[in-house]
Amino acid sequence: MMSSPQGKPRACVIGWPVAHSRSPLIHRFWLESLNIAGSYELAAVTPADFPDFVGHLQGHGFVGANVTLPHKQTAFALCDVKLPAAERLKAVNTLWIEAGKLCGDNTDCAGFLGALDQDAPAWDSAPGTAVVLGAGGSARAIVYALLLRKMTRILLFNRSRDHAAKLASDFGAPVEVVDFGDLRDAMAGARLLVNTTSLGMRGQPPLTIDLTPLPPHAVVSDIVYVPLETPLVKAAKTRGLRAVPGIGMLLHQAAPGFERWFGKRPHVTAELRGLVEADIAADE
Ligand code: NDP
C-alpha cells in the first residue's frame with residue numbers, strides 16, 4: 001500500500017462540482033469494512049486549478065484520486081503513465097503516484113463488465129452481437145469493454161449519426177453505425193442491448209423502445225442509475241429478460257482505484273449495494 005506523507009493513506013474524488021458524488025459513500029464503506037485506517041474525501045477543484053492540484057497530489061497528502069466531470073480529459077493529458085483503457089478512451093478517472101510519476105486509468109470499462117458479470121453471469125459465453133444506444137463519453141468505454149469481450153458485431157445507434165460515426169471510426173471493425181429504421185432487425189439478432197444515452201435518467205425523457213424483437217436469451221443493460229429502476233430495466237424484466245441496472249457499473253468502477261490506493265481488493269456486496277441504493281432512492 002502506498003502511504004501519504006502523513007502515513008495514513010488518503011484519497012479523494014476531484015470534480016467541479018463534486019458534492020453530489022457517491023464515491024465517498026462507496027470508498028468509506030470499504031475502508032470501514034476492511035478495517036483500513038485511511039480516508040476518502042471530496043475535492044472541489046475548478047478547471048483552472050486542476051493541473052496544479054493534480055501536479056501536487058502527493059504534496060496535498062493524497063496517494064491517489066478519482067476524477068470526475070469536467071476533468072477526465074485534462075487528467076489524461078497530465079498523466080505520465082496511462083493504462084491501455086485510458087489510452088484508448090483519452091480520459092482518466094483514476095489517478096495514483098508510482099515512482100514519482102502520475103499514473104492514470106479509466107475504470108469505466110471494468111465497471112461495466114463487472115456489473116454484467118455479477119448481474120448476468122455468462123452473458124458473453126458465446127460470441128454475438130451487441131446493440132449500443134448512444135455515442136457519448138460512456139458509450140466509448142462500453143464499446144471498448146465489448147471489444148475486450150470479443151463481441152463479433154457492435155451496432156451503434158445514436159441521435160446524432162456523426163457522433164456515432166466518429167466513435168465507430170476510432171475503433172474500426174466490428175463497430176458499425178446503424179440507422180434507427182434498422183433497430184428492430186438489429187435487436188432480433190442481439191445477445192446484449194445497452195443504453196448509454198441519458199434518456200430515462202431523472203429529468204430526461206424516457207427511452208421508449210419496444211423490446212419485443214430481442215431473443216429470450218438477450219440481456220438488457222441500462223447504465224443510467226437515477227432512478228434505480230429505469231423504464232428500460234422495468235420493460236426488460238416485464239419481458240422476462242435478464243436486466244442489469246446502472247448501479248452495478250457505478251459500484252464496480254470504484255474497485256480498481258481502491259485496491260491501488262489502499263492495497264486490498266474490495267468487493268461489491270449486497271450490503272454496499274443496499275447502502276448506495278438507499279442514497280440514490282432518497283434523491284429520486
Ligand atoms: P454524454 O453527454 O457524453 O452522452 C449522452 C448521449 O445521450 C449521447 O449519445 C446523446 O446523443 C444521447 N442523448 C442525450 N439526450 C438525448 C435525447 N433527448 N434523445 C436521444 N439521445 C439523446 O453522456 P455520458 O455518456 O457521459 O452519460 C450518459 C448516461 O450514462 C448518463 O445518464 C450518466 O449518468 C450515465 N452514466 C452512468 C455511469 C455508471 O457508472 N452507471 C457512468 C457514466 C455515465 P447525441 O450524440 O445525439 O447528443
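Everything quoted here is computed from the prediction, not taken from an experiment. What you see below is based on every heavy atom in this structure, not just the backbone, and it leaves out hydrogens, waters and symmetry mates. Every number for a ligand or one of its atoms is a count from 1 in the order of the listing.
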Protein heavy atom under 4.0 Å of atom 36 (N) of ligand 1: yes
- Task: Please determine if R184 and D210 form a salt bridge, counting it only when a charged side-chain N lies under 4.0 Å from a carboxylate O.
- Result: yes
**Request:** Quick one: do T107 and D105 satisfy side chain to side chain donor-acceptor pair (under 3.5 Å)? Show the steps, please.
**Result:** CA-CA 6 Å; T107 64; D105 191 10; over 6 Å; no
>> Please determine whether any non-hydrogen atom of G111 lies less than 4.0 Å from an atom of ligand 1.
In response: no
shortest atom 46 (O) of ligand 1-to-protein heavy-atom contact is with H163 ND1, 2.6 Å
| said: Tell me if the NZ atom of K234 is crowded by more than 12 foreign heavy atoms within 6.0 Å. | reply: no
Under 3.5 Å, is there a donor-acceptor pair between the N66 and Y40 side chains? yes
- Within-4.5 Å side-chain heavy-atom neighbours: V178 and L183: no
Q) Is the closest basic N to carboxylate O distance between D170 and K166 below 4.0 Å? A) yes
Closest to atom 20 (C) of ligand 1 among protein heavy atoms sits L199 CD1, 3.5 Å
Between A115 and V244 the two heavy atoms that sit nearest each other are O-CG1, 4.0 Å
Rounding to 0.5 Å, atoms CG (D162) and CG (L167) come to a distance of 11.5 Å
In this structure, does ligand 1 have an atom that sits under 4.0 Å from one of the heavy atoms of Q253? no
Note: N158, heavy atoms under 4.0 Å from ligand 1, region reported as side chain
**Report entry** Over 12 non-hydrogen atoms of neighbours within 6.0 angstrom of NE2 in H56
**Finding:** no
- prompt: Has ligand 1 got any nitrogen or oxygen that is less than 3.5 angstrom from a nitrogen or oxygen of G137?
  reply: yes
Checking heavy-atom distances from atom 14 (C) of ligand 1 to each of S198, S160, G136, S221, the winner is S198
In terms of hydrophobic clustering (I, L, V, M, F, W, Y; side-chain heavy atoms under 4.5 Å; direct or indirect links), are V224 and F112 co-clustered? no
When distances are taken from atom 43 (C) of ligand 1, the protein heavy atom at minimum range is S138 CB, 4.0 Å
Under 4.0 Å from atom 23 (O) of ligand 1, can you find at least one protein heavy atom?
no
Next on the checklist: With respect to L250, determine whether any N or O atom, backbone or side chain, lies less than 3.5 Å from an N or O atom of ligand 1.
Outcome noted: yes
Would you please say whether a donor-acceptor pair under 3.5 Å links the side chains of S160 and N158? no
> Are any of the N/O atoms in Q204 less than 3.5 Å from those in ligand 1?
Replying inline: no
Numbered in order shown, the ligand 1 atoms found under 4.0 Å of a heavy atom of A135 are 9 (O)
Test side-chain hydrogen bond (donor to acceptor under 3.5 Å, both in side chains), reference E41, set R10, H27, R28, output is R10
So, is G246 polar-close to ligand 1, with some N/O to N/O distance under 3.5 Å?
yes
With heavy atoms and a 4.0 Å threshold, my read on which part of T196 contacts ligand 1 is backbone
If you measure every N/O of I247 against every N/O of ligand 1, is any gap under 3.5 Å? no
closest protein heavy atom to atom 18 (N) of ligand 1 is R159 NH1, 3.4 Å
Ranking L167, I223, T197 by closest non-hydrogen atom to atom 7 (O) of ligand 1, top hit is T197
Taking both backbone and side-chain atoms of D108, is any N or O found less than 3.5 Å from an N or O belonging to ligand 1?
no
Under 4.0 Å between heavy atoms, the region of M249 that gets near ligand 1 turns out to be both
Near V224 (heavy-atom distance under 4.0 Å), the atoms of ligand 1 are 32 (O)
Review point. Do I209 and V219 share a hydrophobic cluster, counting only Ile, Leu, Val, Met, Phe, Trp and Tyr and linking them when any side-chain heavy atoms are less than 4.5 Å apart?
Key: no
Before you tell me yes or no, could you show the steps for D117 and R149 under salt bridge (charged side-chain N to carboxylate O under 4.0 Å, His left out), namely the whole-Å CA-CA distance, both residues' side-chain angles and the distance that decides it to 0.1 Å? CA-CA 11 Å; D117 291 344; R149 291 298 179 92; 2.7 Å; yes
Near G134 (heavy-atom distance under 4.0 Å), the atoms of ligand 1 are 9 (O)
Among non-hydrogen protein atoms, atom 33 (C) of ligand 1 lies closest to M201 SD, 4.5 Å
